[in-house]
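Presented below is the structure to which this report refers.
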Amino acid sequence: MSTRAKLEELKKKRAQSLEGGGKARIDKIHAAGKKTARERIAALLDPGSFEEYDAFKLHRCYNFGMEKVKFLGDGIVTGYGRINGRPVYLYAQDFSVLAGSLSGTLAEKICKVMDLGMKNGIPVIGLNDSGGARIQEGIEALAGYTEIFTRNVLSSGVVPQISGIFGPCAGGAVYSPALTDFIIMVKQQSYMFLTGPKVVKTVLHEDITTEQLGGAVMHTTKSGVTDYAAEDEDDAIQYIKDLLSYLPQNNLENPPDVPCDDPITRQAPELNDIIPDNPNAAYDIKAVIKATVDNGVFFEIKKNFAPNIVVGFARYNGKSVGIVANQPAYYAGVLDINSSIKGARFVRFCDCFNIPVITFVDVPGFLPGSEQEFGGVIRNGAKLLFAYAESTIPKVTVITRKAYGGAYCVMSSKHLRTDINYSWPTGEIAVMGSKGAVEVLYAKGAKDAEDPKAFLAEKEDEYNTNFSNPYCAAERGYIDDVIEPAETRFRIINALESIQGKRDTIPMKKHGNIPL
Ligand code: HXC
C-alpha cells in the first residue's frame, strides 16, 4: 500500500470511528432530546483541546453473533483535554453503539484514562449514558466493571473524580459514579437505580416510574446520592466546569487562586442586624455566607438534600474554601442523620484536596426522637465529628448564634483541632438552652417557689446572662475572639492568611475506622 493510500485508510477509519453507531442511531439520540458522547465532550472541553485515545479499539466477543457487530471505539469515547486551560482525563459512553453497554474492551478504555489520571495527578470526569453490562459478554463485562470500581477507590483522595449521568445508569453500574466525589444528573433524562421499576413491580408489587425511583429529583432530595439536578445537559456541563474551578488537580496541589476584585476589608453592615431578637426566630444562613464571600458567589453542593445543613464552595480573597453551615431557616438548623452525613462527606472531600473549611454555627443540638435513634443518629452524627477531628486542613469557625451541647463539640469546635474560632456577640455557647437548663437545675426551687413560672423566668434570664453567651468560651480560649458581624469577611480572610501554611498530621496508620 502506498503512503498516500495509508493516509487515506487512516482518514477512512477516523471518519468511521467518529460516526459511532451510525447516523440513524445518532438521529434517534437527537430525537430524544439528548446529545451524543462527542457533543458532550465538545461542550465540556476547551475548543480544540481533545486528544482521543483508543478510537480504533474493538471488542473481542464472538458470542451471539457479535463478531459481526463491531464499531470502531466500541461504545465509548475516551481521552485527554482541557477545561478552562486545566488538564482533565475523561470518558463519555456512546449510546449510539449498543446503548453504550459495557464490554471488556470498553472497560479497558475507561481504566486506561483512570490510570493516567491517577499517575499524572489529573482529575477524571466520566459522562455516563449506558444500558449497563453488555449482556453478550457475560462475566467479562462484570470483570470490567469491577476493574473500574477498583480504580475509583484507588483514585479516591488522589485526584478529583466527577460523574455526569446523562441517561440510564442501572444495576451494578451505579457503583462507579457512587465511588466518585460528585454526581451530577439531568432532570427527566437520567436515572440511577440498582433494580428498575419492572423488578420492583414483580418483587414488591409496587408501581413506580423510572423518574420516581431513580430520577435526578429523587436522588437530590431523598437519597442524597446525587449532588446536583441539572435542568438540561448544558446546565450539567456548566456545573461540572464551575465545580472544577474550585478544586486542585490532585491531593498534592492547592486549589487555583483567582484574581479578587471584591475588597478584602468590605464590611457587611446588614449582618449586625441579621440575628433576630427572638432566639427562636429564623434567618437565612446563606445570606450570611453570601455577604462575606468574594462577590457573593456561593457554589452550593447537595442544595436540596438535608437543607438543615448547607455545604458548598466559595472564595475569600480569590482562594477556594469549603463552607459548612447550619441553616436556622430549616428545622432550626438541627443536626440529624442526613445532615451529619452530608457535612461529614463534604469536610472529608475538602480534607483530601487541601481546601480550607469555614464553618458557620447556629445549631440548637441533635434532633431527638425514636426515628433518629433507630436510624443510628449516634453512629451517623459521629461521622461529622470524625471528619472534623481527623482533618488537617486550615479550619475557621464562626459561631453566629446557638452552639449547644454535643452539637457545639461537633461543629468544628476548638477541641477538634480547629485553628481559629470566632463568635459573634450573639453567640449562645452552652451545654443546653436556658429553658432546659433551668428546668433541670431549679426543679426543686421552682416547686418551693411562690410563683414557679416567675421564678423560672428569672433563673432563665440569669442563665442567659451568665452562661448563654460567647464570653464563657472566650475566657477559656475556646473562642479566639468575639467579632463584630459586619467585619466577618475581613476577619475570615485574615484568619485564612495566618493559617495558610498550616502543616498538621494524624498518627501513622493504615487508615482510620470512620463509623460507617
Ligand atoms: C447489549 C444492549 C444492552 C446491553 C441495550 N443494548 N442494552 N446490548 N447489552 N446491556 C442494545 C439493544 O439490544 C439495541 O440493539 C441497542 O442497544 C439500543 O437499545 P434499545 O433498547 O433499542 O434502546 P432504548 O429503547 O433507548 O433503551 C435503552 C435501554 C434498554 C433502556 C438501556 O436497551 C435496556 O433496558 N437495556 C438493557 C439494560 C440491562 O438490563 N442491562 C444489564 C444490566 S445489569 P439493537 O441492535 O437491537 O438496536 C448490569 C450489571 C452490572 O449492568 C454489574 C456490575 C457489577
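Just the heavy atoms: all of them, side chains too, but no hydrogens, waters or symmetry mates, feed the values below.
- F166 pairs by the ring pair (Phe, Tyr, Trp, His ring centres under 6.0 Å) definition with nothing, not counting sequence neighbours.
- Ring planes of F313 and Y246: parallel class, angle under 30° (limits at 30 and 60°).
- Y175 OH: 12 or fewer foreign heavy atoms inside a 6.0 Å radius.
- Few gaps surround NZ on K414; more than 12 heavy atoms of other groups in view lie less than 6.0 Å from it.
- With sequence neighbours left out, I393 forms a side-chain contact (heavy atoms from CB on, under 4.5 Å) with C350, D351, V357, S391, K395.
- Within 6.0 Å of atom CG in N513, 12 or fewer heavy atoms from other residues, nucleotides or ligands are found, so the atom counts as exposed in its surroundings.
- Comment: D234 engages K35 in a salt bridge, judged by a side-chain N to carboxylate O separation of less than 4.0 angstrom.
- The structure places CZ of F182 at 6.0 Å from CG of L247, a figure rounded to the nearest 0.5 Å.
- By the 4.0 Å N-to-carboxylate-O rule, K187 lies close enough to E231 to be salt-bridged with it.
- By the 4.0 Å N-to-carboxylate-O rule, D294 lies close enough to R489 to be salt-bridged with it.
- Under the 4.0 Å criterion applied to side-chain N and carboxylate O atoms, D257 and K319 are assigned as salt-bridge partners.
- The environment of CD1 in I378 is sparse: at most 12 heavy-atom neighbours from other residues, nucleotides or ligands sit within 6.0 Å.
- Salt bridge status for D227 with K303: absent, with no side-chain N to carboxylate O gap under 4.0 Å.
- Taking the six-membered ring for Trp and the full ring otherwise, the centers of Y228 and F299 sit at least 6.0 Å from each other.
- Within the 4.5 Å cutoff, no side-chain heavy atoms of Y422 are placed close to those of I479.
- Considering only residues two or more places apart in sequence or on other chains, F467 meets the ring pair (Phe, Tyr, Trp, His ring centres under 6.0 Å) condition with Y463.
- P248 pairs by the side-chain contact (heavy atoms from CB on, under 4.5 Å) definition with E253, P255, F353, I355, not counting sequence neighbours.
- A distance of 6.0 Å separates OH of Y91 from CD of Q93, quoted to the nearest 0.5 Å.
- At a threshold of 4.0 Å, the pair D262-R315 does not count as salt-bridged, since none of the basic side-chain nitrogens sits closer than that to a carboxylate oxygen.
- For the atom pair I274 CD1 and I285 CD1, the distance stands at 7.5 Å (nearest 0.5 Å).
- Comment: D115 does not engage K119 in a salt bridge, judged by the lack of any side-chain N to carboxylate O separation of less than 4.0 angstrom.
- Counting non-hydrogen atoms of neighbouring residues, nucleotides and ligands closer than 6.0 angstrom, the CZ atom of F50 exceeds 12 such neighbours.
- Geometrically, R417 does not engage Y388 in a cation-pi contact, judged by NZ or CZ lying under 6.0 Å from the ring centre and within 45° of the ring axis.
- Look at R348 and E390 and you find a salt bridge, because one of the NZ, NE, NH1 or NH2 atoms lies within 4.0 Å of a carboxylate O, short of that distance.
- Listed by first then second residue, pairs satisfying salt bridge (charged side-chain N to carboxylate O under 4.0 Å, His left out) with a partner in residues 424-438 read K435-E439, not counting sequence neighbours.
- Sorted by first then second residue, the salt bridge (charged side-chain N to carboxylate O under 4.0 Å, His left out) pairs that include residues 352-375, not counting sequence neighbours, are D362-R401.
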